[in-house]
Amino acid sequence: MTLEELVGCNRTDKKMDSAAQALEELLVAAQGQDCLTVGVYESAKLMNVDPDSVVLCVLATDAEDEDDIALQIHFTLLQAFCCDNDINILRLNGVRRLGALLGNLSGDSNEPLDLHCILVTNPPCRSLHCQALQDISTFCEESRCGNQWVPSLQLQDR
């Protein structure tokens, strides 16, 4: 490995770590403003009705989800829709971390929450502006420029 490759790898790791941290901050902020839609079916319904309100689509899996063909088909369709509608999209490893980060979004329901797809939307009265959203948008744009059309991040359990 050359020095340039080594420095580039460290820079990429730092970018991914800062993007993962920005994503966590964004999700918490969006949750506080009631700007999250959680669940594959709920997300698909919202994108069908109001795609302009969506600013980010997060598709999350853990290792045990990789063999779930139905989930992968849903992800493929959601990714295609997001690409067609210029919606930033991220693939994410770390469903358990998402659950810990966002807590119980389902209220009193005892059913496990489907955290495989999360949409961040703009509030109805004004746009969602925060540094974390800008950081994630920049990360997505830089990834697309590097021919990684659907960037991936790893959330670490803490």
Side-chain angles (χ1 to χ4, degrees), residues 12 15-107 109 111-124 126-130 132-157:
T12 301
K15 280 185 183 181
M16 290 182 76
D17 288 344
S18 65
Q21 183 177 357
L23 178 62
E24 288 186 14
E25 291 171 15
L26 173 61
L27 292 175
V28 169
Q31 181 183 21
Q33 294 184 29
D34 198 28
C35 295
L36 289 183
T37 299
V38 178
V40 172
Y41 295 110
E42 293 80 2
S43 297
K45 283 190 262 182
L46 175 67
M47 285 196 288
N48 187 43
V49 173
D50 190 12
D52 294 334
S53 70
V54 180
V55 294
L56 178 67
C57 177
V58 178
L59 302 176
T61 59
D62 281 328
E64 58 268 10
D65 298 320
E66 294 300 322
D67 293 331
D68 185 341
I69 300 301
L71 183 62
Q72 298 307 321
I73 290 170
H74 286 294
F75 281 6
T76 300
L77 294 171
L78 289 166
Q79 285 173 194
F81 186 88
C82 289
C83 288
D84 285 347
N85 288 279
D86 296 323
I87 297 170
N88 283 327
I89 186 167
L90 285 173
R91 289 292 299 248
L92 183 70
N93 292 324
V95 175
R96 283 186 216 97
R97 175 69 184 131
L98 276 177
L101 181 69
L102 299 176
N104 184 10
L105 292 171
S106 62
S109 175
E111 287 188 35
L113 197 57
D114 175 13
L115 294 173
H116 291 108
C117 184
I118 298 176
L119 299 181
V120 178
T121 58
N122 276 318
R126 58 181 166 72
S127 293
L128 178 66
H129 291 289
C130 65
L133 178 58
Q134 291 175 356
D135 292 346
I136 291 298
S137 296
T138 300
F139 176 75
C140 289
E141 184 177 331
E142 288 175 355
S143 296
R144 285 190 300 270
C145 289
N147 288 327
Q148 184 182 15
W149 295 103
V150 181
S152 296
L153 288 177
Q154 173 77 37
L155 289 185
Q156 300 297 325
D157 289 328

Chemist: May I ask you to test the Leu77-Phe75 pair for a side-chain heavy-atom distance under 4.5 Å?
Modeler: no

Chemist: Using a cut-off of 6.0 Å, state whether more than 12 heavy atoms not belonging to Glu141 lie near its atom CD.
Modeler: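 Atom CD in Glu141 is not packed in, count stays at 12 or less.
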
Chemist: Got a second to check how far Leu153's CG is from Ser18's OG, nearest 0.5 Å?
Modeler: 9.0 Å

Chemist: Roughly how far, to the nearest 0.5 Å, is the CZ atom of Arg97 from the CD atom of Glu24?
Modeler: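 Rounded to the nearest 0.5 Å, the CD-CZ separation comes out at 4.0 Å.
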
Chemist: Is Leu56 close to Leu23 at the side-chain level, that is, under 4.5 Å between some pair of heavy atoms?
Modeler: yes

Chemist: Check whether Gln79 reaches the backbone of Ile89 with its side chain - one donor and one acceptor, N or O, closer than 3.5 Å.
Modeler: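 It does not hold such a pair.
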
Chemist: Ignoring hydrogens and geometry, is there a side-chain-to-backbone donor-acceptor pair from Asp114 to Val40 under 3.5 Å?
Modeler: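 A pair under 3.5 Å: yes.
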
Chemist: Hey, could you give me the CD/SG distance between Glu25 and Cys130, rounded to the nearest 0.5 Å?
Modeler: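 Separation between the atoms: 8.5 Å.
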
Chemist: Less than 4.5 Å apart, side chain to side chain, heavy atoms only: is that true for Leu119 and Met47?
Modeler: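 Leu119 reaches Met47 side chain to side chain.
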
Chemist: State, to 0.1 Å, how close Glu42 and Gly39 come at their nearest heavy-atom pair, and which atoms those are.
Modeler: OE1-CA, 3.3 Å

Chemist: Can you tell me how far CD1 of Ile136 sits from CD of Gln21, rounded to the nearest 0.5 angstrom?
Modeler: 10.0 Å

Chemist: What do the steps show when you test Thr37 against Lys45 for side chain to side chain contact (heavy atoms under 4.5 Å, CB included), and what is the final call?
Modeler: CA-CA 10 Å; Thr37 299; Lys45 283 190 262 182; over 6 Å; no

Chemist: What is the minimum heavy-atom distance between Ala60 and Leu98, and which atoms define it?
Modeler: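 The answer is CB-CD1, 3.5 Å.
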
Chemist: Would you check if Leu90 and Cys140 make a side-chain contact, meaning some heavy-atom pair closer than 4.5 Å?
Modeler: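 Answer yes - side chains close enough.
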
Chemist: To the nearest 0.5 Å, tell me how far Asp68 CG sits from Glu66 CD.
Modeler: 9.5 Å

Chemist: Between Val55 and Asn88, is a side chain to side chain contact (heavy atoms under 4.5 Å, CB included) present by the stated rule, with each step listed?
Modeler: CA-CA 6 Å; Val55 294; Asn88 283 327; over 6 Å; no

Chemist: With a 4.5 Å cut-off on side-chain heavy atoms, are Pro151 and Glu142 touching?
Modeler: no

Chemist: Which pair of heavy atoms, one from Leu92 and one from Gln154, lies closest together, and at what distance?
Modeler: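 Smallest interatomic distance, heavy atoms only, reads CD1-N, 4.5 Å.
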
Chemist: For the pair Ile118 and Leu102, evaluate side chain to side chain contact (heavy atoms under 4.5 Å, CB included) and give the outcome as yes or no after the intermediate values.
Modeler: CA-CA 11 Å; Ile118 298 176; Leu102 299 176; 3.7 Å; yes

Chemist: Does some side-chain heavy atom of Thr121 sit less than 4.5 Å from a side-chain heavy atom of Asp50?
Modeler: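 The answer is no, as the side chains (C-beta and beyond) never meet within the 4.5 Å cut-off.
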
Chemist: What's the separation between atom CG in Asp52 and atom CD1 in Ile87, rounded to the nearest 0.5 Å?
Modeler: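 Separation between the atoms: 8.0 Å.
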
Chemist: Applying the side-chain hydrogen bond (donor to acceptor under 3.5 Å, both in side chains) criterion to His116, which one of Asp65, Thr61, Asp62 satisfies it?
Modeler: Asp65

